[in-house]
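No experiment lies behind these values; they were computed from the predicted model shown.
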Amino acid sequence: FKRGIAGAYTNLGMVYGEIGNIVKSQEYLLKAASIFEEANDKPGLGSCYMNIGVNFFVQKNFTKALEYYRMATPVFEECKDYYSQGSNIFNIGTIYASNKEYDKARENMNLALDLYKKAGYSYGMGSCYENLGVLHYYQKEYKEAEKCFYSAIEIYNGRGMIDGLLSAYNYLGEIANAQKDFIRAK
């Protein structure tokens, strides 16, 4: 019964987060986390921690976001939930990328990529490759960036993921433009 209530609180927290009411979202997610912790429901608890971290990320409070992502990490590891672990580590990588800590961002994106591979989550793998490409692009490491974007394209193309394809091809055009290769940039 309590898990059902916690699940409802989680859903309310997610809905409030989607409509931009972060205060209400946090309120419901914290209530849910408390119940999940009491019930020893690790997947529910990890999900709450990660979503609380997302809310802090949206508010650009990277310190608090990182705190909650780090709270979620051992919970997901214990559950051997590779998909959620990958998503959580991916989120940590985005914080480091936002702070221009590219080496840490790359380390986390590579770890997320490995976890998504274990989970068989294609879109996550493509997103990791794409984000790794962006990190290399920001550091003007164009050859490495291209390799990553082509890896993303291969995944996206095989699964009809149009948004990912558009983004990866756009970055390839940006690389060509940055290298003054205007024929290839078209």
Side-chain angles (χ1 to χ4, degrees), residues 1-99 101 104-132 134 152 155-156 159-164 167:
F1 178 73
K2 284 189 174 188
R3 285 185 181 161
I5 292 171
Y9 284 157
T10 301
N11 290 338
L12 285 168
M14 299 295 291
V15 168
Y16 277 115
E18 283 294 315
I19 63 172
N21 189 337
I22 302 300
V23 172
K24 273 285 197 209
S25 177
Q26 296 293 69
E27 177 186 326
Y28 281 108
L29 288 169
L30 287 167
K31 284 181 182 181
S34 177
I35 295 169
F36 283 134
E37 187 169 28
E38 183 182 308
N40 199 32
D41 183 322
K42 300 294 184 181
L45 181 62
S47 177
C48 285
Y49 287 158
M50 186 168 63
N51 286 308
I52 291 167
V54 169
N55 283 342
F56 280 119
F57 181 83
V58 167
Q59 295 175 310
K60 300 201 182 314
N61 186 340
F62 299 140
T63 302
K64 289 297 276 186
L66 205 49
E67 177 185 329
Y68 276 90
Y69 292 149
R70 286 185 175 143
M71 289 168 65
T73 298
V75 176
F76 291 136
E77 286 173 355
E78 186 178 328
C79 298
K80 299 203 183 317
D81 180 348
Y82 300 123
Y83 166 79
S84 297
Q85 256 183 289
S87 297
N88 192 56
I89 298 298
F90 182 94
N91 291 342
I92 291 171
T94 61
I95 288 175
Y96 288 127
S98 296
N99 289 329
E101 296 179 66
K104 288 182 179 179
R106 231 187 334 260
E107 179 183 324
N108 281 276
M109 288 296 166
N110 278 312
L111 181 54
L113 177 61
D114 290 342
L115 291 163
Y116 283 146
K117 285 178 181 178
K118 285 182 182 180
Y121 182 49
S122 299
Y123 187 79
M125 290 185 281
S127 293
C128 286
Y129 280 123
E130 187 176 348
N131 278 277
L132 286 164
V134 170
I155 291 169
Y156 293 149
R159 288 155 186 85
M161 299 171 178
I162 304 300
D163 290 346
S167 179

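Under the side-chain contact (heavy atoms from CB on, under 4.5 Å) criterion, Leu66 pairs with Arg70, Ile92, Ile95, Tyr96, not counting sequence neighbours. Glu107 pairs by the salt bridge (Lys or Arg N to Asp or Glu O under 4.0 Å) definition with nothing, not counting sequence neighbours. When the side-chain contact (heavy atoms from CB on, under 4.5 Å) test is applied to Ser167, the partners found at least two apart in sequence or on another chain are Glu130, Tyr171. Residues meeting the side-chain hydrogen bond (donor to acceptor under 3.5 Å, both in side chains) test with Glu27, sequence neighbours left out: none. For Lys64, the side-chain hydrogen bond (donor to acceptor under 3.5 Å, both in side chains) partners at least two apart in sequence or on another chain are Glu67. Every residue two or more places apart in sequence or in another chain that forms a side-chain contact (heavy atoms from CB on, under 4.5 Å) with Ser122 is listed here: Met125, Ile155, Arg159, Met161. Residues forming a side-chain contact (heavy atoms from CB on, under 4.5 Å) with Asn131 (at least two apart in sequence, or on another chain): Phe90, Met109, Ser127. Residues meeting the salt bridge (Lys or Arg N to Asp or Glu O under 4.0 Å) test with Lys117, sequence neighbours left out: none.
A distance of 9.5 Å separates NZ in Lys104 from CG in Asn99, rounded to the nearest 0.5 Å. Going from atom OH of Tyr156 over to atom CG of Asp163 covers 9.5 Å, rounded to the nearest 0.5 Å.
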With a cut-off of 3.5 Å and sequence neighbours excluded, list every side-chain donor-acceptor pair involving residues 4-21.
unit_1	atom_1	unit_2	atom_2	d
Thr10	OG1	Ala6	O	2.9
Asn11	ND2	Gly7	O	3.4
Asn21	OD1	Lys24	N	3.1

Enumerate donor-acceptor pairs with a distance under 3.5 Å from any side-chain N or O in residues 35-45 to protein atoms, sequence neighbours excluded.
unit_1	atom_1	unit_2	atom_2	d
Glu38	OE2	Lys2	NZ	2.7
Asp41	OD1	Gly44	N	2.8

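Contact check for Asn88 versus Gln85: no side-chain heavy atoms found under the 4.5 Å cut-off.
Sorted pairs that involve residues 50-63 and meet salt bridge (Lys or Arg N to Asp or Glu O under 4.0 Å), not counting sequence neighbours, are lacking altogether. Pairs of residues two or more places apart, or lying in two chains, that qualify as ring pair (Phe, Tyr, Trp, His ring centres under 6.0 Å) and include a residue from residues 63-85 are Phe56-Tyr68, Tyr83-Tyr121.
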key: Residue pair Thr94, Phe57: steps toward the side chain to side chain contact (heavy atoms under 4.5 Å, CB included) verdict   = CA-CA 9 Å; Thr94 61; Phe57 181 83; 3.9 Å; yes
